[in-house]
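Chain letters run A, B, ... following the sequence lines, proteins first and then strands; every chain starts at 1. Keep in mind it's a predicted model, so treat the numbers as computed, not measured.
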There are 2 protein chains.
Amino acid sequence: MATAAKENYLKALYHLHLKSPEISLTELGQTLDLRMPTVNSMVKKFHESGWVEYEKYKPVKLTEKGRKMAALVIRKHRLAEMFLSQVMGFGWEEVHDIAEELEHIKKEDFFDRMDELLGFPGIDPHGSPIPNKDGDLVRSSYESLSNFPVGSQVIFKALKDSSTEFLLFLNKRSIRLGAQINIIDIEAFDKSMSISLDEGDAQILSHAVAMRLLVEPK
Amino acid sequence: MATAAKENYLKALYHLHLKSPEISLTELGQTLDLRMPTVNSMVKKFHESGWVEYEKYKPVKLTEKGRKMAALVIRKHRLAEMFLSQVMGFGWEEVHDIAEELEHIKKEDFFDRMDELLGFPGIDPHGSPIPNKDGDLVRSSYESLSNFPVGSQVIFKALKDSSTEFLLFLNKRSIRLGAQINIIDIEAFDKSMSISLDEGDAQILSHAVAMRLLVEPK
DNA sequence: CAAAAAAGTTAGATAAGTCTAAGTTTTATA
DNA sequence: TATAAAACTTAGACTTATCTAACTTTTTTG
Ligand SMILES: [Mn+2]
Ligand SMILES: [Mn+2]
Ligand SMILES: [Mn+2]
Ligand SMILES: [Mn+2]
């Protein structure tokens, strides 16, 4: 595979290319918290490796080869997160930072064994899909809770934002992956939602929160 | 803590200092498979950090501070090996190489959780003691099987050599940690031993093998 | 104990990955 | 469309960790 630094670039490129296939060095630098000349010189190496298309002064594009390399790093990250959560008992708000280190382990057997022990999971603890060993993954088509009308009954399937702060907020509100959410009311003024969770008590979710919850009709 | 490179130096220093408190740069270099000038410059940095005593042209000595740092790396290594073996189902011959990478993970929680899940184990899968969080460990006083006379009944407690080749040999012979070994006969000519394992069939162990098995009287 | 061998040191180079400062090209805007 | 802003590139430096070649000190040995 590649060095830890390169694996981190690959992941960033992958996430950015999903938003738009043309990736500016500025964006990439901001994502990785690196200065532009740093990114510039690495992007040239990636071009040498055939991982990106690159022409001077133009945004880069991830090649199919690069996409696959990236997906395999993301596979390691998400398997690690799942393992940390399911086998080691860490909370979904704790797993990302540890996985950020574990994903750089080179021994493939380590991840294969995790996969096996977990029963070949399709998603990580935040509902994101886990690429297979070929780097392929099923892009799920969930929508934000904020897109649904009053009366909808939906299942909470994944997160749009997996920041620790947001995950801790969801913990406090007992909102967990797989829960059923019923939209009782939507306040026209600020788009805040009154919902009930799995037949539980009602609670209010701000539009900011509803936007970040990815759901599927029941 | 330290970088992965430095953690590997610390471990090597620790193992060498047990054999003799004065550690030559040549030995250290051979252990780590690094050239002497490389080791020389790193040793100067370790001296700056207060991890070794160092004077030009003299062998180095691990300081108490360095010993503790080293023990904490060894703790991570051995906890990882135990986890890989007990929780993930790897064989004792597979765990070392993976632990060589895992030991450099910086998140302390990761190892604390392993420790907890394993029930705070005192030894690793090869019978070596696991240092505690203060860097302290109980030095066990096992002896080589080759030191015992005919008629001895002993328990196989640890390995003097944990190389993959030796571990695979022991697997083939079904010789596992904790087994009882009865010395039936010793051939004067080559010091080979006829033994029986846990009431099982007899087998012959060469002196080379008997030397590498650490045991305790039953 | 002098010469040879072993051990250790210094100097200088290299590779990976990062930075700042300064210059160039492209894009946006007055 | 000229100019300003944003994006990108180049040059040069730094850090960590490594190497080889050449030199120095210490230890061993005939
Ligand atoms: Mn993550
Ligand atoms: Mn990472
Ligand atoms: Mn080991
Ligand atoms: Mn290591």
Phosphate OP1/OP2 of D:dC8: any A:Thr26 side-chain N/O under 4.0 Å: yes
Crowding at NZ, B:Lys191 (>12 non-hydrogen neighbours, <6.0 Å): no
Nearest-angstrom distance from the residue atom CD of A:Glu22 to C1' of C:dT27: 14 Å
Side-chain donor-acceptor contact under 3.5 Å, A:Asn171 with A:Trp92: yes
Short side-chain N/O contact from A:Lys45 to OP1 or OP2 of C:dA15, under 4.0 Å: no
Sugar-phosphate, base or nothing in reach of A:Ser24, heavy atoms under 4.0 Å: sugar-phosphate
Spacing between A:His104 atom NE2 and C:dG17 atom P, to the nearest angstrom: 12 Å
Nearest-angstrom distance from the residue atom CD of B:Glu55 to P of D:dT24: 22 Å
Phosphate OP1/OP2 of D:dT25 contacted by B:Lys58 side-chain N/O (<4.0 Å): no
Below 4.0 Å: OP1/OP2 of D:dA17 and any side-chain N or O of B:Lys44: no
Nearest-nucleotide comparison on DNA chain C, the residue closer to the 5′ end among A:Ala4 and B:Glu27: B:Glu27
Any B:Thr38 side-chain nitrogen or oxygen under 4.0 Å from OP1 or OP2 of D:dA17: no
Nearest-nucleotide comparison on DNA chain C, the residue closer to the 5′ end among A:Tyr57 and A:Tyr9: A:Tyr9
Flag if over 12 foreign heavy atoms under 6.0 Å of CD, B:Glu216: yes
A:Thr3 side-chain N/O to C:dG17 phosphate OP1/OP2 under 4.0 Å: yes
N or O in side chain of A:Lys6 less than 4.0 angstrom from C:dG17 OP1/OP2: yes
Geometric class of the A:Tyr14/A:His17 ring pair [parallel <30°, tilted 30-60°, perpendicular >60°]: tilted
